[in-house]
Amino acid sequence: MKKIISLFLVLVMIISVVALLASCDDKKQPEQTTTAEETTTTTAEETTTTTTTTTTETTTEETTTTTTTTESTTTTTTGAPIFARFDFGTKTYAEDNGLTSNEYLMAQLDYDKTRLEIEFKEDSWLIKTKRGYNSTLDGKDPKTEFSVQFNDLVQFDFDDDIKTGNSPNHRYVKFRLIHSSTNNMMSIYFRSTSDGGWYTNTVASNMYIVEDGKYTKTSTAAKSDKWIVRTYDMSLCASMTSGKFAEGVSKTSTFKQQVAAIEKANGSVPGNNWAWGGGKQMLGLRFFFFNGLSLMSVSDCDTRTLIDSGAYVDVDYVVFGSSVEQLEGYHSYLELAQ
């Protein structure tokens with residue numbers, strides 16, 4: 001009998017221990033669930049924090065990079081972006097950054113092969129005159145003679161274009177080139193969307209090579225084998241040759257007198273076809289690297305008769321911008337390598 005009672009007590013103890021263990025397991029389960037939720041929540045919070053931090057850092061880096069790029073190469077926050085379609089060569093900064101392509105330039109290029117020859121180099125275009133100006137042969141089509149022409153700027157799909165007018169449009173133009181002639185002047189013939197054709201009063205001339213303030217048509221100092229950089233105010237250079245004269249100036253005056261009259265008028269440039277164009281899209285440009293041009297018979301703006309045989313210009317780039325400071329930040333691969 002005692003044995004039976006002992007076995008019964010042992011059995012009761014075993015059942016109690018099993019029940020106790022089961023009870024403990026039931027109590028532990030909610031703790032595991034709670035722990036799992038906390039882990040998930042914590043991880044989520046940590047992940048969110050990390051993501052936010054990373055995003056903030058990335059945004060800061062992108063903003064800094066954009067600002068640096070803006071200041072050093074292509075655009076400003078207050079004006080039109082630099083127009084660098086005419087960064088010449090087969091391997092250029094502008095092409096690598098989607099601002100031009102050599103294929104586009106070659107397709108758009110037009111010039112008189114009886115007057116000019118062009119060598120297309122990796123970093124620039126070397127342009128030479130085959131002969132000098134001849135009063136018998138030349139002068140019949142002054143709108144094209146001795147010019148490097150791009151007559152359809154909007155044919156190719158680029159995001160940018162030239163806007164005429166004063167700042168914040170493309171008021172300034174910057175040349176980098178070697179100039180081997182004593183002819184001390186260059187010019188640009190332009191056509192915008194407001195022009196039905198190539199008008200006689202849409203020329204920017206008096207782009208003097210020598211920066212000596214003498215405004216001379218010829219200068220021995222203009223002839224050099226060194227790279228030079230020149231920046232010009234398109235509104236100013238288009239003023240006199242467009243037939244728009246400051247007060248006290250006429251067709252027979254000099255460009256130096258025009259500049260003096262503009263300065264006297266507190267910098268007010270007469271409303272020529274570049275200045276008043278205000279945001280008009282440029283359709284075509286013709287570069288006269290070897291001479292000043294006037295189609296309005298303003299003699300001090302025209303140096304066609306001074307074009308020499310065998311003269312050359314090695315042109316790295318011609319870029320347009322809304323300020324001198326903006327253009328100072330643009331550099332070609334060739335320029336940076338020197």
Side-chain angles (χ1 to χ4, degrees), residues 132-147 149 164-166 170-173 175 181-192 194-219 222 230-278 280 282 284-308:
Y133 185 88
N134 185 306
S135 59
T136 302
L137 300 175
D138 302 317
K140 298 178 177 62
D141 189 10
K143 294 181 179 181
T144 61
E145 294 171 358
F146 294 98
S147 69
Q149 306 166 46
T164 61
N166 295 331
H170 293 100
R171 177 170 181 168
Y172 299 92
V173 60
F175 291 76
S181 171
T182 57
N183 196 331
N184 193 31
M185 204 183 294
M186 298 185 295
S187 52
I188 298 176
Y189 190 15
F190 59 90
R191 178 190 173 208
S192 73
S194 63
D195 305 324
W198 291 91
Y199 293 156
T200 57
N201 57 357
T202 56
V203 181
S205 189
N206 300 91
M207 296 178 172
Y208 295 98
I209 300 298
V210 178
E211 297 181 311
D212 57 6
K214 294 180 180 178
Y215 300 104
T216 58
K217 287 187 175 183
T218 62
S219 173
R230 297 290 183 266
T231 300
Y232 304 99
D233 181 335
M234 286 292 292
S235 290
L236 177 63
C237 291
S239 61
M240 194 163 169
T241 191
S242 297
K244 300 294 183 180
F245 309 110
E247 186 177 355
V249 178
S250 68
K251 184 181 292 189
T252 59
S253 301
T254 65
F255 187 71
K256 185 175 182 179
Q257 291 171 326
Q258 171 86 333
V259 173
I262 289 172
E263 291 175 349
K264 185 177 180 180
N266 296 317
S268 178
V269 178
N272 60 76
N273 287 307
W274 188 276
W276 76 263
K280 300 293 184 182
M282 190 58 57
L285 291 174
R286 297 172 182 174
F287 296 105
F288 290 81
F289 293 109
F290 297 100
N291 62 282
L293 175 68
S294 172
L295 301 172
M296 300 284 289
S297 301
V298 184
S299 62
D300 205 50
C301 302
D302 201 314
T303 61
R304 282 176 288 166
T305 60
L306 302 176
I307 296 174
D308 297 322

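Everything numeric here is computed off the predicted structure, so don't read it as measured data.
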May I ask you to decide if [Y]'s main-chain N or O and [X]'s side chain share a donor-acceptor pair within less than 3.5 Å?
X: Tyr189; Y: Tyr199; result: yes
X: Asn184; Y: Ile209; result: yes
X: Gln257; Y: Ser250; result: no
X: Asn206; Y: Asp300; result: yes
X: Ser294; Y: Ser299; result: no
X: Glu247; Y: Ala261; result: no

### Message
Using the rule given for side chain to side chain contact (heavy atoms under 4.5 Å, CB included), can you reason through Leu293 versus Arg286, listing the C-alpha separation, both sets of side-chain angles and the distance that settles it, and then say yes or no?
### Response
CA-CA 11 Å; Leu293 175 68; Arg286 297 172 182 174; over 6 Å; no
### Query
Taking the six-membered ring for Trp, are Phe290 and Tyr133 ring centroids under 6.0 Å apart?
no
### Message
Suppose we call two aromatic rings close when their centres sit under 6.0 Å apart. Are Phe288 and Phe146 close by that rule?
### Response
no
### Summary
Which of Ser268, Ser235, Ser239 passes side-chain contact (heavy atoms from CB on, under 4.5 Å) with Ile262? Answer is Ser239
### Residue of the set Tyr172, Phe255, Trp274 for which side-chain contact (heavy atoms from CB on, under 4.5 Å) holds with Leu236
Phe255
#### Entry: Any Met185 side-chain heavy atom under 4.5 Å of Ser205 side chain
yes
### Task
Taking the side chain as every heavy atom from C-beta outward, state whether Ile188 and Met207 have any atom pair closer than 4.5 Å.
yes
### Query
More than 12 heavy atoms of other residues, nucleotides or ligands under 6.0 Å from NZ of Lys217: is that the case?
yes
### Task
Run the numbers on Tyr208 and Ser219 for side chain to side chain contact (heavy atoms under 4.5 Å, CB included), then give the verdict.
CA-CA 10 Å; Tyr208 295 98; Ser219 173; over 6 Å; no
### Task
Evaluate side chain to side chain contact (heavy atoms under 4.5 Å, CB included) for Asp308 paired with Thr182, printing each intermediate quantity in order.
CA-CA 8 Å; Asp308 297 322; Thr182 57; 3.8 Å; yes
### Task
Consider only side-chain N and O atoms of Asn291 and Asn183, and report whether a donor and an acceptor are under 3.5 Å apart.
no
### Summary
Residues passing the side chain to side chain donor-acceptor pair (under 3.5 Å) test with Thr241, sequence neighbours excluded, are none
